[in-house]
Protein chains: 2
Amino acid sequence: MQSPGYPRGTEGWDAFQWDRREDCEVRQILDRIADKWSLLVIALLDGAPMRFTELQRAVDGISQRMLTVTLRNLERDGLVHREVYAVIPPRVEYSLTSVGRGLHATVQSLVTWTEENTEYIVRARNEYDRREDGAAAR
Amino acid sequence: MQSPGYPRGTEGWDAFQWDRREDCEVRQILDRIADKWSLLVIALLDGAPMRFTELQRAVDGISQRMLTVTLRNLERDGLVHREVYAVIPPRVEYSLTSVGRGLHATVQSLVTWTEENTEYIVRARNEYDRREDGAAAR
DNA sequence: CGGGATCCAATACGATACTG
DNA sequence: CAGTATCGTATTGGATCCCG
């Protein structure tokens with residue numbers, strides 16, 4: 001099952017770098033938590049627990065299906081806890097687990113970085129696109 | 001250009017939360033840098049500049065097309081610098097800009113978190129899947 | 001209310017072939 | 001070497017309907 005020819009300590013491997021083989025768990029997990037919706041949901045669940053419909057309203061643009069899928073994956077990874085109350089109408093509350101809260105901290109630092117550098121990036125994009133347009137015209 | 005009906009300071013807005021409207025720039029940027037390949041490329045480019053083929057070998061599983069696309073996007077966002085040497089055969093080196101290096105720091109903290117919690121997550125997944133299998137069998 | 005199931009469209013992506 | 005262009009597929013995700 002392990003991809004051959006790339007064991008730890010071999011050439012191509014750097015002790016200060018991380019395992020980035022395609023089939024390694026770190027990359028699988030990273031792909032999962034760093035997707036379009038998970039970051040949003042994790043950010044929202046920090047603080048207070050939320051109900052399904054509440055989340056759907058809060059995450060602008062998410063469909064019911066994707067909210068379900070995202071929550072199931074986060075629950076499966078032990079990052080979100082799903083609490084079902086046996087009442088009618090049904091009441092389900094989602095909250096971060098303690099590990100989930102730990103993740104939120106680093107996610108928040110990524111968000112903060114993005115906020116702080118938004119202007120720079122937008123400017124860079126505009127300049128790049130202007131250059132490209134100019135090149136295409138020629 | 002701004003989506004109406006959701007200005008800062010209105011109901012639904014929390015000063016400690018970030019702008020998560022679908023069309024906001026923070027979310028667009030986040031989607032871009034948190035995609036399948038960008039994190040890998042940013043992590044690799046930290047330290048020394050690298051050439052195209054070198055990167056392709058280092059990022060296990062990436063296709064030529066996706067490496068090109070990823071690098072173009074990172075360059076467009078001002079996170080990666082592309083240096084072309086006019087020699088034959090051509091030599092192109094990619095490196096992080098100073099802003100890109102700043103991003104790498106927070107990305108690295110996400111990677112570190114993932115490494116530290118891999119075991120927990122894998123265990124959570126196995127437990128979840130066992131529960132699901134049991135439920136499906138019934 | 002909180003979803004599951006199904007169908008369909010958009011897009012992301014890989015494979016391949018070609019080029020300066 | 002470092003790409004671009006094209007094509008076909010696979011995955012993602014939205015819309016809709018339904019149910020406890």
Residues A:R125 and B:D77 bridged, charged N to O under 4.0 Å: yes
When clusters are formed by joining ILVMFWY residues with side-chain heavy atoms under 4.5 Å apart, either directly or through shared neighbours, do A:Y120 and B:I42 land in the same one? yes
Counting only heavy atoms not in A:E25, do more than 12 sit closer than 6.0 Å to its CD atom? no
Once you apply a heavy-atom cut-off of 4.0 Å, does A:Y85 come out as touching a base, just sugar-phosphate, or nothing? nothing
For the pair made of CG in A:L55 and C1' in C:dG3, what is the distance, rounded to whole Å? 13 Å
note: B:K36, atom NZ; C:dC13, atom C1'; distance rounded to Å ~ 9 Å
I need the residues from residues 66-74 of chain A with at least one non-hydrogen atom less than 4.0 Å from DNA chain C; give them sorted by number, or say none. A:T68, A:R72
What pairs meet the salt bridge (charged side-chain N to carboxylate O under 4.0 Å, His left out) rule with one or both residues in residues 91-109 of chain A, with sequence neighbours excluded? A:R91-A:E93
Under a single-linkage rule joining Ile, Leu, Val, Met, Phe, Trp and Tyr whose side-chain heavy atoms are separated by less than 4.5 Å, which residues share a cluster with B:V87? B:Y85
Indicate whether the side chain of A:T70 and that of A:N73 have a donor and an acceptor atom separated by less than 3.5 Å. no
Between the side chains of A:D60 and B:R27, is the shortest nitrogen-to-carboxylate-oxygen separation below 4.0 Å, so that they form an ion pair? no
May I ask you to decide whether A:D129 forms a salt bridge with B:R76, counting only side-chain N to carboxylate O separations under 4.0 Å? yes
Contact list (N/O, under 3.5 angstrom) for nucleotides 15-20 of chain C vs protein:
none

Could you check B:E93 against A:I62 and say which one's nearest nucleotide on DNA chain D is further toward the 5' end? B:E93
So do B:M50 and B:Y94 actually touch side chain to side chain, heavy atoms under 4.5 Å? no
Which nucleotide of DNA chain D is the first, and which the last, in the 5' to 3' direction, to come under 4.0 Å of a heavy atom belonging to chain A? D:dG13 to D:dG20
Output yes when at least one side-chain N/O atom of A:R51 is less than 4.0 Å from OP1 or OP2 of C:dG2, else no. yes
Around A:E83, counting heavy atoms of other residues, nucleotides and ligands shown, do more than 12 lie under 6.0 Å from its CD? yes
Grouping ILVMFWY residues whenever side-chain heavy atoms fall under 4.5 Å, the cluster of A:Y128 otherwise contains none
